[in-house]
Amino acid sequence: MSSIMTYREAVRLGLREAMEKDERVFLMGEDVGHYGGSYAVSMGFLEDFGPQRIIDTPLSESAFTGAGIGAALGGMRPIVELMTVNFSLLALDQIMNNAATLLHMSGGQFNVPLVIRMATGGGKQLAAQHSHSLEGWYAHIPGLKVLTPATIQDAHNMIGLALADPDPVLIFESAMLYNSKGVLDTQALPLPIGKARIQRAGKDLTILTYGSSLFKALEAAKTLIPEGIDAEVIDLRSLRPLDDETIMKSVAKTHRVLIVDEGWKSGSISAEIMARINEQAFFELDAPMARLCTAEIPLPYPKHLEDAALPHADKIVAMAKKLMEKS
Amino acid sequence: MSSIMTYREAVRLGLREAMEKDERVFLMGEDVGHYGGSYAVSMGFLEDFGPQRIIDTPLSESAFTGAGIGAALGGMRPIVELMTVNFSLLALDQIMNNAATLLHMSGGQFNVPLVIRMATGGGKQLAAQHSHSLEGWYAHIPGLKVLTPATIQDAHNMIGLALADPDPVLIFESAMLYNSKGVLDTQALPLPIGKARIQRAGKDLTILTYGSSLFKALEAAKTLIPEGIDAEVIDLRSLRPLDDETIMKSVAKTHRVLIVDEGWKSGSISAEIMARINEQAFFELDAPMARLCTAEIPLPYPKHLEDAALPHADKIVAMAKKLMEKS
Amino acid sequence: MDLTLANEFYRKMLLIRRFEEKCVELYSKEKIRGFLHLYIGEEAIAVGLMHALSPEDAVFATYREHGQALARGIDPKKIMAEMYGKVEGCSRGRGGSMHLFDAETRFYGGSAIVAGGLPLAVGMALSDKMMNRNRVTVCIFGDGAVAEGEFHESLNLAALWHLPVLFVCENNLYAMGTALKFTESETNISLKAASYRIHSQQVDGMDVEAVSKSVQQAVSEIRLGNGPMFFEYLTYRFRAHSMFDAELYRDKAEVEEWKKKDPLILLHQRWKDININKYETEIADIIDEAVTFAENGTLESIEDLEKFLYSDEVAQ
Amino acid sequence: MDLTLANEFYRKMLLIRRFEEKCVELYSKEKIRGFLHLYIGEEAIAVGLMHALSPEDAVFATYREHGQALARGIDPKKIMAEMYGKVEGCSRGRGGSMHLFDAETRFYGGSAIVAGGLPLAVGMALSDKMMNRNRVTVCIFGDGAVAEGEFHESLNLAALWHLPVLFVCENNLYAMGTALKFTESETNISLKAASYRIHSQQVDGMDVEAVSKSVQQAVSEIRLGNGPMFFEYLTYRFRAHSMFDAELYRDKAEVEEWKKKDPLILLHQRWKDININKYETEIADIIDEAVTFAENGTLESIEDLEKFLYSDEVAQ
Ligand SMILES: Cc1ncc(C[n+]2csc(CCOP(=O)(O)OP(=O)(O)O)c2C)c(N)n1
Ligand SMILES: Cc1ncc(C[n+]2csc(CCOP(=O)(O)OP(=O)(O)O)c2C)c(N)n1
Ligand SMILES: [Mg+2]
Ligand SMILES: [Mg+2]
């Protein structure tokens, strides 16, 4: 069964189904209850599931994230909402030193089946402290899985995938996508964690991306057709683990690589992907790989500056064209 | 004037000179006073400079780091000691959202002349929560400078360099190096922030590294001589900014690159360096670049496992030899 | 207090009120974007507070800081230009509504991480103490900040080191859509503050006179070296949390009840001779001027996008 | 209390004492490496506490947890093997001294980030409340943890949600080398805890009987659903913070004064008939056995280095 819905509705549905299916699932975070979620994702859930399962927390990111870890150890299946990635730094010690670490340092005794959701990304003129894209950065941490749903299908499916995982999973929802629309096939078998998806097959160059940049890349790919450039666009879906296999296959086909991500450039996930392609498919490359990331500044408020700082379809087009010229 | 001293003594001397030179300089952190510093760096300072300038803080990483930012805004020159990088996660919000951001988001009005020091690295069997090497990860943050003194000269000089900088500088001292010995030339002009140093010139391959791995790389380079491999070893010194110029010049000479760092591999600073070489010197490469990082696990306690997880000279040698075979 | 002061207070509160009403208008015209958090209903705190400060004192505020910025004396033109993201703005347009900064009036933002400003204020006060400067640092935050770890750490540091900080908690009963009773086991915030051995008090935040008096006393105590102080001002925001808030979490009746305590009405009831009409006209002009100034402002050149990240890139 | 119980308490405290003394010996022989934090002097707390708990209850501790692990009933052999980093250790050798874990006795570490365990304990208690399990979660930490933001956030959550947690603060007056008076504006920690509306009390932590009684009462209150409780146990560590501590920050005389309150001596003074010699012999055997077990233990294969990062890699 397929239906058209927004990304927000897809996440909502994913959450609702998870709550209905498994009593151990509960949602906890700032303003998830009475307010309805800062992006209106859990609007009405408090009425439907009650305050025992939809828990408004105080502004205490570290403690309620840690409490999520503890509840997961206790057999529950908590979904912690950190509102936005900007506030997640306050919970980072719990995420790195407990959630990601407990299983290993206990010698395999204590796994942490915790799901942490947060909105990510700039583009809404929210300026320096509210526009981070740190999902690629989080992918540095062993013990975590890092998911970046871009499509309606993934916005929905990844909730279930994450909850089925016995270990901590972070889901980064692109704030710019909540109102985007698309098709959800409720019968389709979900593509597992760790698998990338070729969103558009092409033979001339590979564009690797995820989250809201996926749609910019697809738009760019369309613009490139009349220019005689046939771009393959891959939605990474998961930043940890990365799907090396799908990436290398595509590189072996196109021999040219452009990576687009909304993190700051130095130390971006784009760098990691470049490193892996260098390691695993160096001799397939016809030209240096290119990356388009966000300018290395705290995002400024004015629209023209924010636009100039973030990746956009026109910049992808320009870089792709340049990349085709090189050899 | 030259003298032989330990890395610890060099840091001590750098701090002492800075305190004596500028009344605005003070040291603040956990156990810097009565205890003498967790690595005995500030032993005796409390007696020499008094409790107004050597401030024992409560365990409140976020607040005292933020207080350092505030004091810097107020015209002081604080040196905040975060004891070890493992605890710095608790202060990360202050570091990223305030220290690194204030100048930009205030439109250039408020700079933050703050120095933050911390010990970094594994190798002492301190296990999962006390063995992080996150300096490369911190280099992702625009607005910061990230220094990694390896030599006695830098252990000393970088204190002064960092204090002279009008913006926030993070100094990562390798815990494994505090007892190492070397020569300090007190007359030598310090090499500025952002400049790498060729520690051993060579023509066959470039080994890029920093911190305690530098000595492992130099040891490996020696072992490689009888094998007929002449390795150039570069001490990066600063991870943000990176010295692209020195890196690319060396690549243009040797055409082969091995990067060694003690961070976890995925999303490491090694990946960023690979990305830059790919972007700026791709056609100079005769073979895929290689990297040796720490295994992607929270470090386990037993010595044999910790050793297996960390970079060592023998592994560098093995990788260098393999790298010379490829083309 | 006399009529002159009452007039001044009224005028300043009215300026904030009308300025923000204009902002709402400009927001719907898409002249202002991003988040916009209104201070309407809480004006008495900013005005009473700033009146009692000296120019040497420092202010650290939150994302809900238009009122404080105006009361502190930052030029409305510069603030409006900031809301427009223009170079003439008080943060050169880079900050927007949530990040008003002004070196001249020692206004240190404009911080959008809840409780993130407290440690900075503590540090500023520490520098004053170290440099023997007789200045006070004021740190303003909401009831929501009280649950954060940084609140705890900062209050302890300030008390432990006897620092010249005045903590100002604007308790408007809600953090976004979450009522205080859902977030604090002890809802009397001043009691919580007292547990750090900080002199602490609840004050009516709708009464500009009461606010001003409390701050006057506190500031002179602090200047005498008597350490930090803490006020919990009971107040209410009449508007939504931001422009994206459906306000499902509170009753209309509750809002109406609080509107009866509107600080402007309250002050006027007490001082009937306040010359409201005169101020309305004056302020309308000021705001028109500010809007014109902002409209005519300059957009930063895109070439300068990466400026201001490090000091050597700051235009002199 | 009767003699039987006094004997049991003594025996357990002695086990901890002798076990740790052996660890010091093994540390200088480089059999044990990394950090080693001794509990010597504080044994009454672990022993009194664990006596009052049931097997279903959960324990979260710090890096100074040998005493608690032993008192909780983890096999000394498994603990010693862990100190050796052997596969037979209670954390399979991966954790070492600071990270003792044991699923069987619900011992959740062994956390080396100060205050990092508090949120976990709160979460465990939350899960118990949600699942209607009548269990208590005990969270142990030092006086140093009190200044951390997570202490504040966790106590508030526990109180706000009426969770079945028992907070146990081992106040040994120092956090590493920094005395409590240099770190807290309010040095009475139980008062601080009370400010969250948590029932809270200072108890003599050198008196195993007092500890046990306090916990017994608390645990039955908590089981009745009366929310969290907090004890501040006044105690002292007789040894250095860790093996790397020059102990410049405290007077020898102070240490000697506290040694007079040695919990073993204290208990023996009260119960003269405790059969010390018997226990010394018994325990010497237990420790010898543990050392032999650890010596003969297996080193993890290097091929398995990256195991246990994700659940699918855990050997069944
Ligand atoms: C650390 C952090 N967490 C969450 C948010 C999102 N957020 C912005 S304002 C707010 C509520 C703050 O309420 P309060 O402190 O009472 O201030 P008020 O808005 O009522 O003035 C929240 C949760 C944030 N900005 N920072
Ligand atoms: C967050 C954090 N900061 C700093 C440290 C370093 N450190 C380890 S133990 C300790 C002192 C803790 O003292 P306390 O809580 O009183 O426990 P005690 O050692 O006295 O049992 C410090 C500062 C740490 N482990 N974690
Ligand atoms: Mg509020
Ligand atoms: Mg202690």
Side-chain angles (χ1 to χ4, degrees), chain A residues 29-40 42-44 46-47 51 55-64 66 83-84 86-91 93-94 122-132 178 264-265 294-310, chain C residues 30 32-35 63 82-87 89 91-99 110-116 142-151 174-180 182-185 241-242 244-250 299-309:
Chain A
E30 290 159 22
D31 293 301
V32 297
H34 295 86
Y35 190 89
S38 64
Y39 289 94
S42 49
M43 191 81 81
L46 181 62
E47 289 70 33
I55 305 179
D56 274 329
T57 64
L59 281 116
S60 305
E61 286 79 2
S62 200
F64 71 74
M83 197 176 280
T84 79
N86 310 286
F87 318 135
S88 72
L89 300 179
L90 292 163
D93 172 66
Q94 285 297 332
K124 289 176 172 288
Q125 290 190 251
L126 302 184
Q129 295 178 330
H130 274 58
S131 305
H132 298 314
Y178 282 119
W264 291 310
K265 185 154 137 182
T294 290
E296 302 197 44
I297 44 170
L299 280 198
Y301 161 68
K303 176 145 182 51
H304 70 299
L305 291 183
E306 190 184 43
D307 277 347
L310 289 169
Chain C
E30 307 202 357
I32 299 173
R33 298 275 74 196
F35 279 153
Y63 49 86
E82 190 58 36
M83 313 292 276
Y84 271 68
K86 299 290 180 77
V87 169
S91 307
R92 212 187 150 94
R94 302 240 164 184
S97 159
M98 300 202 290
H99 302 300
S111 174
I113 303 294
V114 171
D143 48 294
V146 175
E148 290 281 6
E150 287 189 318
F151 171 88
Y174 293 89
M176 275 186 70
T178 304
L180 191 62
F182 297 125
T183 64
E184 289 294 343
S185 59
H241 168 73
S242 74
F244 299 108
D245 171 5
E247 272 186 273
L248 303 173
Y249 49 83
R250 60 182 192 183
L299 287 177
E300 182 93 84
S301 153
I302 285 177
E303 267 118 78
D304 289 341
L305 174 66
E306 305 199 12
K307 257 196 185 165
F308 308 119
L309 186 60

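Order of the sequence lines sets the chain letters (A, B, ...), proteins ahead of strands, with each chain counted from 1. Atoms considered below: every heavy atom in the structure, side chains included; atoms not considered: hydrogens, waters and symmetry mates. All of these numbers come straight from a predicted model, not from anything done at the bench.
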For this session: Apply the test side chain to side chain contact (heavy atoms under 4.5 Å, CB included) to residues Tyr301(A) and Ile32(C): give CA-CA distance (whole Å), side-chain angles for both, the deciding distance (0.1 Å), then the verdict.
Result: CA-CA 10 Å; Tyr301(A) 161 68; Ile32(C) 299 173; 3.9 Å; yes

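- Using a 4.5 Å cut-off between heavy atoms, Asp245(C) touches chain A through backbone and side chain atoms alike.
- Contact annotation for Glu306(A): neither backbone nor side-chain heavy atoms come within less than 4.5 Å of a heavy atom of chain C.
- Taken from CD in Gln125(A) to CD in Glu30(C), the straight-line distance is 9.5 Å, to the nearest 0.5 Å.
- With a threshold of 4.5 angstrom between heavy atoms, Leu89(A) does not approach chain C through any atom at all.
- In this structure, Ser60(A) OG and Glu184(C) CD are separated by 7.5 Å, a value rounded to the nearest 0.5 Å.
- Remark: Thr178(C) pairs with Asp31(A), Asp56(A), Phe182(C), Thr183(C) by the side-chain contact (heavy atoms from CB on, under 4.5 Å) rule, at least two apart or across chains.
- Looking at Leu309(C), the atoms closer than 4.5 Å to chain A (heavy atoms on both sides) all sit in the side chain, from C-beta outward.
- In this view, Tyr249(C) and Tyr35(A), Tyr174(C) satisfy the ring-ring contact (aromatic ring centres under 6.0 Å, His included) rule, not counting sequence neighbours.
- Looking at Glu82(C), the atoms closer than 4.5 Å to chain A (heavy atoms on both sides) all sit in the backbone: N, CA, C or O.
- Looking at Met176(C), the atoms closer than 4.5 Å to chain A (heavy atoms on both sides) sit in the backbone and in the side chain alike.
- Residue Ala147(C) comes nearest to Pro58(A) through the heavy atom pair CB-CB, 3.5 Å, listed as atom of the first residue, atom of the second, then distance.
- With a 4.5 angstrom heavy-atom cutoff, His130(A) touches chain C only via side-chain atoms.
- Between chain C and the residues Glu61(A), Met43(A), Gln129(A), Glu30(A), the most heavy-atom pairs under 4.5 angstrom are made by Gln129(A).
- Contact detail for Leu59(A) and Gly144(C): the closest heavy-atom pair is CD1-O, 3.3 Å.
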Exercise. Checking side chain to side chain contact (heavy atoms under 4.5 Å, CB included) for the pair Arg250(C)/His34(A): CA distance, chi angles, key distance, verdict?
Worked result: CA-CA 9 Å; Arg250(C) 60 182 192 183; His34(A) 295 86; over 6 Å; no

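- The shortest distance between side-chain heavy atoms of Ile297(A) and Lys307(C) does not fall below 4.5 Å.
- Heavy atoms closer than 4.5 Å to chain C are found in the backbone of Thr57(A), but not in its side chain.
- Contact detail for Ser301(C) and Leu305(A): the closest heavy-atom pair is O-CD2, 4.1 Å.
- For the residue pair Ala127(A) and Arg94(C), the shortest heavy atom distance occurs at CB-O, 4.3 Å.
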Problem set entry | Stepwise side chain to side chain contact (heavy atoms under 4.5 Å, CB included) check, Lys303(A) with Arg33(C) | CA-CA 9 Å; Lys303(A) 176 145 182 51; Arg33(C) 298 275 74 196; over 6 Å; no

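- The residue among Leu248(C), Val146(C), Leu305(C) with the most heavy atom pairs within less than 4.5 Å of chain A is Leu305(C).
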